[in-house]
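Here's the structure, in structure tokens; my notes come after.
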Amino acid sequence: MSGKEMKYIQEAFDGNWIAPLGPNVDGFEKDLENFLGEESHVAVVSTGTAALHLALAMLGVEKDDFVICQSLTFAASANPIIYLGGIPVFVDSEKETWNLCPNAVEDAIKSCLAKGKKPKAIITVCLYGMPYKVEEINALSEKYEIPIIEDSAEALGSTYKGQKCGTFGAISVLSFNGNKIITTSGGGALVFKEEIYKKKAVFLSTQAKDDAPHYQHSILGYNYRLSNVCAGIGRGQMEVIEERVSQRRANHEFYKNIFKNDEGIELFTEPSEDYKSNHWLNAIIIHPEKLKNRDSVFWRLAFAEQNIETRPLWKPMHLQPLFEKNMYFGSNFAEGLFQKGLCLPSGSNLTNNEKIRIENVIKKLLD
Ligand SMILES: *Cc1c(COP(=O)(O)O)cnc(C)c1O
């Protein structure tokens with residue numbers, strides 16, 4: 001927390017706006033629109049998962065529709081496809097951004113077309129804050145006329161060629177869960193390029209009530225709007241978003257410095273100047289053959305012994321029991337990342353003492 005949040009929460013209580021609407025909801029949306037850029041129209045909702053669910057519903061995803069989705073991600077990217085009865089088609093990552101591999105995406109599209117059904121959407125992810133290959137993937141979206149849902153749950157504050165993540169999809173999605181770069185405790189947003197779609201998202205997320213004195217419903221609605229109390233937290237957080245991004249990027253420099261001479265470790269970093277990641281999480285790939293056979297499990301346990309939490313990277317969706325029958329396109333790059341990768345402590349509030357403790361463990365492991 002920044003200390004600015006309580007002021008907005010107090011305003012919600014003072015005005016008795018304890019509801020999923022009110023000045024903080026409107027204000028938080030304005031803050032996000034100002035941050036993302038003029039052409040963004042934002043609808044805030046209760047979670048990032050709800051935002052993805054609504055985005056898919058708005059693109060008309062129904063029973064047995066194909067939706068292409070990055071395999072190396074958190075389950076929340078894919079689960080909402082199932083909520084609608086759709087079928088996730090998973091795709092491997094490429095080596096530079098660890099996000100959707102353009103060749104594998106095209107293979108997936110062609111295979112769906114051969115089955116007589118064009119995918120309804122492509123879900124791109126900006127993994128750990130890293131922008132995806134925007135030009136290549138968006139070109140495929142145009143070529144085959146399949147809209148992109150950009151899952152930037154982890155990437156608020158990242159940019160590609162100076163343009164903010166959260167503005168690249170036909171619909172983009174953000175998350176403000178407790179673990180994200182800014183938080184509302186739980187929260188999410190849909191970002192559109194046109195105001196009418198924002199209005200539609202607000203309508204759908206507030207039970208799709210028709211304009212009538214009684215309760216009248218012509219289409220299926222959802223109760224997904226963000227609480228005005230939580231939106232107050234969001235407004236306080238938006239005052240420090242740039243600071244949070246700087247803190248995370250400073251963590252990345254800390255790790256870069258530690259690993260600069262080490263051939264056995266690859267730190268996940270931007271492939272070129274075009275990419276600027278918020279470095280929500282820092283991840284490394286461990287090559288045990290160059291490190292006395294100390295693999296990612298050995299590393300994780302060495303940290304755990306010092307009471308420092310690290311975690312394997314996301315387990316790819318196509319390897320999850322839940323999705324074992326789903327189609328998958330690509331090779332085994334994402335699977336290799338899962339086996340060899342480790343996420344390191346990356347919180348915005350890492351102290352110098354904590355960094356020294358982390359560095360000591362790493363130095364011993366590399367010794
Ligand atoms: C966190 C996350 C989500 C879901 O957001 P919630 O607000 O937790 O529902 C979706 N996709 C990715 C990649 C995430 O990291």
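Sequential numbering from 1 along the given sequence is applied to the chain's residues. Side chains included, hydrogens not; waters and symmetry mates left out as well; all remaining heavy atoms used. Both counts, for ligands and for their atoms, begin at 1 and track the order of listing.
- Classification of the Trp314-Trp280 ring pair by plane angle, with boundaries at 30° and 60°, yields parallel.
- Proximity to Ser77 (heavy-atom distance under 4.0 Å) selects the following atoms of ligand 1: 11 (N), 13 (C).
- Not one N or O of Thr73 is nearer than 3.5 Å to an N or O of ligand 1, by distance alone.
- Taking a cut-off of under 4.0 Å to the non-hydrogen atoms of Ala76, the atoms of ligand 1 that pass are 3 (C), 4 (C), 10 (C).
- Residue contacts with ligand 1: Gly188 is excluded, as none of its non-hydrogen atoms falls under 4.0 Å.
- A salt bridge links Glu359 with Lys363: the distance from a Lys NZ or Arg NE/NH1/NH2 to an Asp or Glu carboxylate oxygen falls below 4.0 Å.
- Heavy-atom contacts from other residues, nucleotides or ligands closer than 6.0 Å to CD of Glu195 number more than 12.
- Those atoms of ligand 1 with a heavy atom of Asn177 less than 4.0 angstrom away are 7 (O), 8 (O).
- Among all non-hydrogen protein atoms, the one lying nearest atom 5 (O) of ligand 1 is Ser175 OG, 3.3 Å.
- Applying the salt bridge (Lys or Arg N to Asp or Glu O under 4.0 Å) test to pairs two or more places apart or on separate chains, those with a residue in residues 141-153 are Glu106-Lys143.
- For Gly187, the heavy-atom gap to ligand 1 drops under 4.0 angstrom.
- Classification of the Phe90-Phe323 ring pair by plane angle, with boundaries at 30° and 60°, yields perpendicular.
- Atom numbering of ligand 1 starts at 1 in the shown order; those under 4.0 Å from a heavy atom of Ala153 are 2 (C), 3 (C), 10 (C), 11 (N), 12 (C), 14 (C).
- Any N or O atom pair closer than 3.5 Å counts here, and Thr49 shares at least one such pair with ligand 1.
- Counting only distance, with no hydrogens or angles, the side chain of Ser77 and the backbone of Ala75 share no donor-acceptor pair below 3.5 Å.
- Under the 6.0 Å distance and 45° angle rule, Lys118 does not count as a cation-pi partner of Phe66.
- Protein heavy atom closest to atom 15 (O) of ligand 1, with residue, atom name and distance, is Glu154 OE2, 2.5 Å.
- Considering both main-chain and side-chain atoms, Asp151 comes within under 3.5 Å of ligand 1 through a nitrogen or oxygen pair.
- Considering backbone and side-chain N/O atoms, Gly48 comes within less than 3.5 Å of an N/O atom of ligand 1.
- For atom 2 (C) of ligand 1, the nearest protein heavy atom (residue, atom name, distance) is Lys180 NZ, 2.9 Å.
- Aromatic ring pairs are classed by plane angle as parallel below 30°, tilted from 30° to 60° and perpendicular above 60°; the pair His279 and His252 is parallel.
- Note on ring orientation: taking the six-membered ring where Trp is involved, the planes of Tyr83 and His53 are perpendicular (angle over 60°, cut-offs 30° and 60°).
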